[in-house]
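The model shown is predicted, which means the values in this text are computed figures rather than measured ones.
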Amino acid sequence: MGISLKPQHLNRYRQIGWLLAKYGHSDLVKETGLEETLTAEERVTPKEEAKADELAADLEKLGPTFIKLGQLLSTRVELLPRAYLDALSRLQDEVEPFGFGEVEKMVTTELGVRMSKAFSDFESKPMASASLGQVHLARLRDGRPVAVKVQRPNIREQMVEDLDALGDIAEFLDNHTEFGQRYEFTRMLEELRKSLMRELDYRQEAHNLTAIREQLKDFPHLVVPAPISDYSTSRVLTMEYVPGIKITEMTPLARMEFDGEMLAEELFRAYLNQILVEGFFHADPHPGNVFLTPDHRIALLDLGMVGRIMPRLQEDLLQLLLAISEGHGEDASQIAIKIGQPRREFDQTEFSRRISEIVGQQKTATVEQMQVGRLVLEVTRCAAESQIRVPPELTMLGKTLLNLDQVGRTLAPQFDPNASIRHNAAEILRQRVIKTLSPGNLFSGILEAKDLVQQLPARLNRFFDALANNEFKVSVDAIDEKTLIVGFQKIANRITVGLIIAALIVGAALLMRVETNFRIWGYPGLAIIFFLCAAGAGIVLLLNILFYDKSKGD
């Protein structure tokens, strides 16, 4: 029995089935019924395993939804080997630009005015083109240069259709295969759906720009473009134009003109503050989104993808990062267990051994080899392989830190992220304490104290009334005494039955010596009756112990 194939999704079903078959999951293709959508050539299992780089290329060919799916898979360390994760993390989100006529139509429709009235100049050739939209350089009527991000026409409808097709397959796998029940593809797809819907709403990205700018106001060498709210909608985002070049395009000579170590340290400190203090961070700081401005500042662009971390998890992540940076494998394993949810098959001893081995490797690593992001991802992979359900925030943190490692190495080859974590730990703790003492938290505490003071007299009256009337009771939910008494009764009954059986056997043995005319099988009849009663009662008692007690224990 396969999925119910919907005619409007047949082409996507075929492409997904071909992808699964190519990368070694022909069994899933047969179980889902996707095999009937494939041609004879596509059904042939490849003789050699497809390479990791081919998967990234194949996903790019399938379009924007699958590019984003690949980026999500690059964070799921329990699903794919490391080579595939590395290939998917380098997945290029660059596609052919769409025509300027479509750009003009979209801008005019969204802003409600002609392009020439809103902008004094608007370049027809985009500065960058991605799967969801493209960016054009323009100039407002007041002369300010701006970058205008325009969404691709019909991209929302296309993504919704693709997600529906993927959802049909994910739901079937989760309900009918062990593979799906283990990895919960429906849950993963829902995570992708929410992420894509947020990215497709440029008003959300404008909010992210404003929030991150506020967070970085104390970091003078970091800059985030401000959104121009009057010229922004859900499909068009206008923001300040920040000139600069990608840090990956810097020449060795250009690196000599600024203090790369200082910039790398400030960038890393800012992200630690975002992640471990604010709980709201830019989740995609890959080198292509990090620019160096002409005045030697770091510009962070494309804030469509952000991460959020709850306060309790922030504390655990800080402890995990400190344990990893210090090389304390045993501590790291205990924190990872606390962060995740161990399944029934979890082996704590083996997990602690593997984590200690992973973390211990960095003690012999050179500064150039140290990658705290890579270590976090390795810890996450080990946890998933050891049957621990890992929260997605941990893999997102690992990927973010991995990108920061790459940016830091580009700015300063000798930059040590582990040392940065260690000497910034005290400042992070101080900031966390200050945040807990914010006016909002203080007022909340005052209100709770006010409620306590108001209700205290009535509660004391009820307490003393109960004490005076001898109605005061203490309820201790330690042992279920009823169940305990029933258990003792069963034990006493078993002992009593055992004594009766023993008495019958002893009585039968004594009666064997008594001469009587009443005989059974040539033996004294009363003795045989006693023996048979004892044997029957013994068999019943034995069966009761073997079957009834065992079923209760299970």
Side-chain angles (χ1 to χ4, degrees), residues 135 140 144-149 195 198-199 201-234 236-244 247 262-286 289-293 295-315 317-318 393 396-397 400-401 403-404 407-408 420-421 424-444:
V135 182
L140 296 177
R144 284 181 293 168
V146 291
V148 183
K149 189 174 182 180
S195 174
R198 284 194 296 265
E199 283 196 66
D201 186 354
Y202 287 170
R203 292 170 299 186
Q204 184 65 47
E205 184 171 349
H207 169 75
N208 297 340
L209 289 169
T210 302
I212 298 296
R213 275 175 61 85
E214 178 64 22
Q215 287 182 9
L216 298 180
K217 63 182 180 181
D218 296 328
F219 299 88
H221 294 93
L222 302 182
V223 59
V224 172
I228 312 296
S229 57
D230 292 340
Y231 293 83
S232 299
T233 68
S234 62
V236 173
L237 173 62
T238 304
M239 56 195 139
E240 291 178 344
Y241 172 63
V242 180
I247 62 169
M262 180 271 295
L263 287 179
E265 171 62 27
E266 185 167 320
L267 180 66
F268 208 82
R269 189 171 72 253
Y271 268 86
L272 290 177
N273 180 73
Q274 287 181 39
I275 295 167
L276 301 174
V277 179
E278 301 295 341
F280 179 78
F281 64 98
H282 179 209
D284 194 23
H286 66 76
N289 286 341
V290 182
F291 278 50
L292 181 70
T293 65
D295 58 353
H296 302 142
R297 292 190 297 166
I298 296 296
L300 301 176
L301 307 178
D302 192 3
L303 270 68
M305 186 182 298
V306 294
R308 291 175 173 81
I309 300 179
M310 294 297 103
R312 178 66 259 179
L313 183 57
Q314 284 179 312
E315 295 179 9
L317 291 177
L318 176 58
E393 292 87 352
M396 184 176 284
L397 171 67
T400 301
L401 292 176
N403 284 325
L404 283 178
V407 173
S420 180
I421 289 174
N424 282 302
E427 176 63 18
I428 290 170
L429 287 173
R430 188 181 73 84
Q431 291 293 337
R432 285 190 58 79
V433 171
I434 291 174
K435 189 174 181 181
T436 59
L437 298 177
S438 65
N441 289 336
L442 289 176
F443 284 132
S444 176

At what distance, to the nearest 0.5 angstrom, does [atom1] of [X] lie from [atom2] of [Y]?
| X | Y | atom1 | atom2 | value |
| --- | --- | --- | --- | --- |
| I212 | L222 | CD1 | CG | 11.0 Å |
| M239 | R213 | CE | CZ | 12.5 Å |
| T238 | R144 | OG1 | CZ | 10.0 Å |
| L300 | Q274 | CG | CD | 7.5 Å |
| T400 | F281 | OG1 | CZ | 4.5 Å |
| Q204 | L209 | CD | CG | 10.5 Å |

Would you name the heavy atoms of [X] and [Y] that are closest together and state the gap between them?
| X | Y | answer |
| --- | --- | --- |
| F291 | I247 | C-CG2, 4.2 Å |
| V242 | A299 | CG1-CB, 3.7 Å |
| K149 | Y202 | O-CE1, 3.6 Å |
| E205 | L303 | OE2-N, 3.5 Å |
| S420 | E265 | OG-OE1, 3.2 Å |
| L216 | A270 | CD2-CB, 3.7 Å |

Looking at [Y], is its backbone amide N or carbonyl O close enough to the side chain of [X] to form a donor-acceptor pair, meaning the two atoms are under 3.5 Å apart?
| X | Y | answer |
| --- | --- | --- |
| H282 | D302 | yes |
| E266 | I298 | no |
| Q314 | I275 | yes |
| S234 | D201 | no |

Can you check whether F280 reaches V306 side chain to side chain, under 4.5 Å on heavy atoms?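 The answer is yes, as the side chains (C-beta and beyond) meet within the 4.5 Å cut-off.
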
From the options N273, L263, I421, select the one residue that forms a side chain to side chain contact (heavy atoms under 4.5 Å, CB included) with F268.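 Going through N273, L263, I421 one by one, the side chain to side chain contact (heavy atoms under 4.5 Å, CB included) with F268 is satisfied by I421 alone.
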
